[in-house]
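Contents: one structure, followed by commentary.
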Number of protein chains: 2
Amino acid sequence: MASEAPRSALKRERVRDYLMELVESRAPGDPIPSERALCEQLGVSRPTLRSAVDELVTTGVLLREHGRGMFVARAKITQELAQDHDALRLPQASGTWTSRVLEFDTVQAGARVGRKLHLSPAADVVYIARLRLVDGEPMAIEYLHVPAALVPGLSPADMESGDFYDTLRDQHGVRVHEAVQSIEPTVTNEEEAELIGVPVLSPALLFERLTQDDTGRPVEYVHSVYRGDRYRIVSRLTLAHPTSAWRYTGPPG
Amino acid sequence: MASEAPRSALKRERVRDYLMELVESRAPGDPIPSERALCEQLGVSRPTLRSAVDELVTTGVLLREHGRGMFVARAKITQELAQDHDALRLPQASGTWTSRVLEFDTVQAGARVGRKLHLSPAADVVYIARLRLVDGEPMAIEYLHVPAALVPGLSPADMESGDFYDTLRDQHGVRVHEAVQSIEPTVTNEEEAELIGVPVLSPALLFERLTQDDTGRPVEYVHSVYRGDRYRIVSRLTLAHPTSAWRYTGPPG
DNA sequence: CCGAGAAGGTGGCATAGACCACTGGTGGCG
DNA sequence: CGCCACCAGTGGTCTATGCCACCTTCTCGG
């Protein structure tokens, strides 16, 4: 009854801060003590400690490896991007992009995809799931839907080598012209995490794109998830004349 | 030893799937049973149930309110964006943007910001933290650094009304011309979550922008965090000529 | 009639302990 | 000498339980 301390210091936060200091005193890739050892050092239970570790894994500070231990993550965490920006991440342009096709099927469009592509729900579409890699490292998972009538004879190999838009133009006479794309933040689910090689619930970018050819005909509907720890979007915007590109993120000033 | 079932069904996943069905059978805003009631229904312990709920709160399916209960979230979750796209979120253009200044100070640039703005670390910069709102709802938190010499007499009120770039041009003769911006996914920390009004570790977009005027002089360095459940970027891209804009996300095809 | 306080329900945090699944090293066996 | 089975250590999951903070509602007293 007496004083009732504000108790702003949750154990979980205390543990997290302790771990942050511990991480900063070590080099990337270094192991840190085991969960049970840390519990004893900090005087907290294992679920409490694991909860704090969960947060640091999600924010990209720590890595866990089952049966091996916990390690300081290699990449700088996103939250601290603003503190060490210049030496950050791989530039978009660099690296060699390759693809690995995971699924390749002709299926019925269904209601949702059919509406997107202006097709009947029963119309055939080619459904492709493919992994995008940069220098062999998984970077994104991409799900494409293309009207089957547009791409007769399309093979999985076509989706692994060269640019898809080049293939569309050269082999099918379809000239991609315009696209509407949305981007939003998300977190990885089990499947995406597994394929991209990041923990579940890691920050990621969700792209959705509907592409049209020069006659206004829908060509592809793409839905893709990019890992957030290795990928970012960099754009150069020009103002002066209030162009559409500049304003696209809402009010900048 | 006999058969050793694959046991792919973790309790946590079973609980999550059960909750997802439960959510889909209800309308947005509806309450769902209490944690303790769900535990009994599902035959799991409360920590296990809470763990599953945590995931659904992070992915935007459920809302928790301390002392009141749990509710079906209003916005469609990000993960399911692809399933109901047309009726999604608020369009970028709609809504009235306002700002609330949280901090407004003249401080020394420091090493990092000084490097960005091409200033000495000891040079004065105006540091502004402001909340951006759409129709009164918090949408983003924005941290600006502007060289103090550029904006003599700038007041907090200037940052709450009108467009900052208009203010720069009309009151200080600075004509914003070009910017380099990066976008990446992140999750909210305590401060951001508190200010924006979302749970900690919610998906969000991290913007970083360096703006120059028409003489190439750095004008502002901005770092902002947008909530992911209400905000997305929509852009229209045109191909045909391989312009820079189109390629900015890496290889599209 | 209305306001203040008590009671009960809810989510929030933390504990101690158990067992499972995976990894890597080590020692025994072929 | 080489291979493989075992085992100790690690993270992964789950249980049962307690107490706290917050909100709503009901009731009782003014």
Side-chain angles (χ1 to χ4, degrees), chain A residues 1-19 30-58 61-73 190 193-194 198-202, chain B residues 1-19 22 29-58 61-73 190 193-194 198-202:
Chain A
M1 302 281 183
S3 65
E4 178 122 344
R7 76 170 8 264
S8 63
L10 297 176
K11 283 206 175 182
R12 185 173 170 282
E13 296 183 7
R14 185 171 66 83
V15 171
R16 184 200 53 193
D17 293 344
Y18 177 91
L19 289 170
D30 282 3
I32 66 172
S34 74
E35 295 184 353
R36 289 169 179 83
L38 287 167
C39 288
E40 193 165 359
Q41 288 175 32
L42 287 163
V44 300
S45 69
R46 198 155 155 246
T48 300
L49 182 120
R50 280 183 60 80
S51 164
V53 170
D54 282 344
E55 177 176 340
L56 296 183
V57 169
T58 294
V61 177
L62 290 177
L63 290 176
R64 284 204 264 228
E65 290 188 37
H66 193 171
R68 304 220 320 125
M70 301 190 292
F71 306 86
V72 178
E190 282 86 354
E194 167 79 20
V198 297
V200 174
L201 295 182
S202 297
Chain B
M1 302 284 179
S3 66
E4 176 121 348
R7 81 170 3 265
S8 64
L10 298 176
K11 284 208 174 181
R12 185 173 169 281
E13 295 184 6
R14 185 170 67 84
V15 172
R16 184 200 52 194
D17 293 344
Y18 177 90
L19 289 171
L22 194 147
D30 283 2
I32 66 172
S34 74
E35 294 184 351
R36 292 171 178 82
L38 287 167
C39 288
E40 193 166 357
Q41 288 176 31
L42 287 163
V44 300
S45 69
R46 199 157 154 243
T48 300
L49 182 119
R50 279 183 61 79
S51 164
V53 169
D54 282 344
E55 177 175 340
L56 296 184
V57 169
T58 295
V61 177
L62 289 177
L63 290 177
R64 282 203 264 227
E65 290 188 37
H66 193 169
R68 304 219 321 125
M70 301 189 292
F71 306 85
V72 177
E190 281 86 356
E194 168 78 21
V198 297
V200 174
L201 297 182
S202 297

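Proteins come first, then strands; the chains are lettered A, B, ... in the order of their sequence lines, and each starts at number 1.
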Contact list (N/O, under 3.5 angstrom) for nucleotides 15-17 of chain C vs protein:
{"from": "dT15(C)", "atom 1": "OP1", "to": "Lys11(A)", "atom 2": "NZ", "distance (Å)": "2.9"}
{"from": "dT15(C)", "atom 1": "OP2", "to": "Ser45(A)", "atom 2": "N", "distance (Å)": "3.0"}
{"from": "dT15(C)", "atom 1": "OP2", "to": "Ser45(A)", "atom 2": "OG", "distance (Å)": "2.7"}
{"from": "dT15(C)", "atom 1": "OP2", "to": "Thr48(A)", "atom 2": "OG1", "distance (Å)": "2.4"}

Exercise. Going by an N to O cut-off under 4.0 Å, is there a salt bridge joining Glu55(A) and Arg50(A)?
Worked result: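 Between Arg50(A) and Glu55(A) there is no salt bridge, as every charged N stays at least 4.0 Å from the carboxylate O atoms.
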Rounded off to whole Å, could you give me the [atom1]-to-[atom2] distance for the [X] and [N] pair?
| X | N | atom1 | atom2 | result |
| --- | --- | --- | --- | --- |
| Asp54(B) | dG12(D) | CG | C1' | 16 Å |
| Glu55(B) | dG12(D) | CD | P | 15 Å |
| Arg64(B) | dA21(D) | CZ | P | 18 Å |
| Leu38(B) | dG9(C) | CG | C1' | 14 Å |
| Arg12(B) | dC20(C) | CZ | C1' | 17 Å |
| Leu62(B) | dT10(C) | CG | C1' | 15 Å |
| Phe71(A) | dG11(D) | CZ | C1' | 11 Å |
| Arg16(B) | dC14(D) | CZ | P | 11 Å |

Problem set entry | For Arg12(B) against Ala52(B), the heavy-atom pair lying closest together |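 For Arg12(B) versus Ala52(B), the nearest heavy atoms are O-CB, 3.8 Å.
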Exercise. What are the two closest non-hydrogen atoms of Val53(B) and Met70(B), and how far apart are they?
Worked result: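 So the two residues come closest at CG1-SD, 3.8 Å.
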For this session: Please name all residues satisfying salt bridge (Lys or Arg N to Asp or Glu O under 4.0 Å) with Arg46(B), sequence neighbours left out, ordered by chain then number.
Result: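 Arg46(B) satisfies salt bridge (Lys or Arg N to Asp or Glu O under 4.0 Å) with Glu35(B) only.
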In Å and rounded to the nearest 0.5 Å, what is the [atom1] to [atom2] distance from [X] to [Y]?
| X | Y | atom1 | atom2 | result |
| --- | --- | --- | --- | --- |
| Gln41(B) | Leu22(B) | CD | CG | 7.5 Å |
| Leu62(A) | Arg16(A) | CG | CZ | 12.5 Å |
| Leu201(A) | Asp54(A) | CG | CG | 9.0 Å |

Exercise. Does CD in Glu40(A) sit with more than 12 non-hydrogen atoms of other residues, nucleotides or ligands closer than 6.0 Å?
Worked result: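 Count not over threshold, so no.
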Name the pairs: protein N/O against N/O of nucleotides 6-10 of chain D, kept only if under 3.5 Å.
{"from": "dG9(D)", "atom 1": "N2", "to": "Gly67(A)", "atom 2": "O", "distance (Å)": "3.2"}

Exercise. Do any side-chain nitrogens or oxygens of Arg50(A) fall under 4.0 Å of OP1 or OP2 in dG11(D)?
Worked result: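 For dG11(D), neither OP1 nor OP2 has a side-chain N or O of Arg50(A) closer than 4.0 Å.
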For this session: Would you tell me whether Ser45(B) and Thr48(B) have side-chain atoms, one donor and one acceptor, within less than 3.5 Å of each other?
Result: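 Side-chain D/A pair, Ser45(B) to Thr48(B): present.
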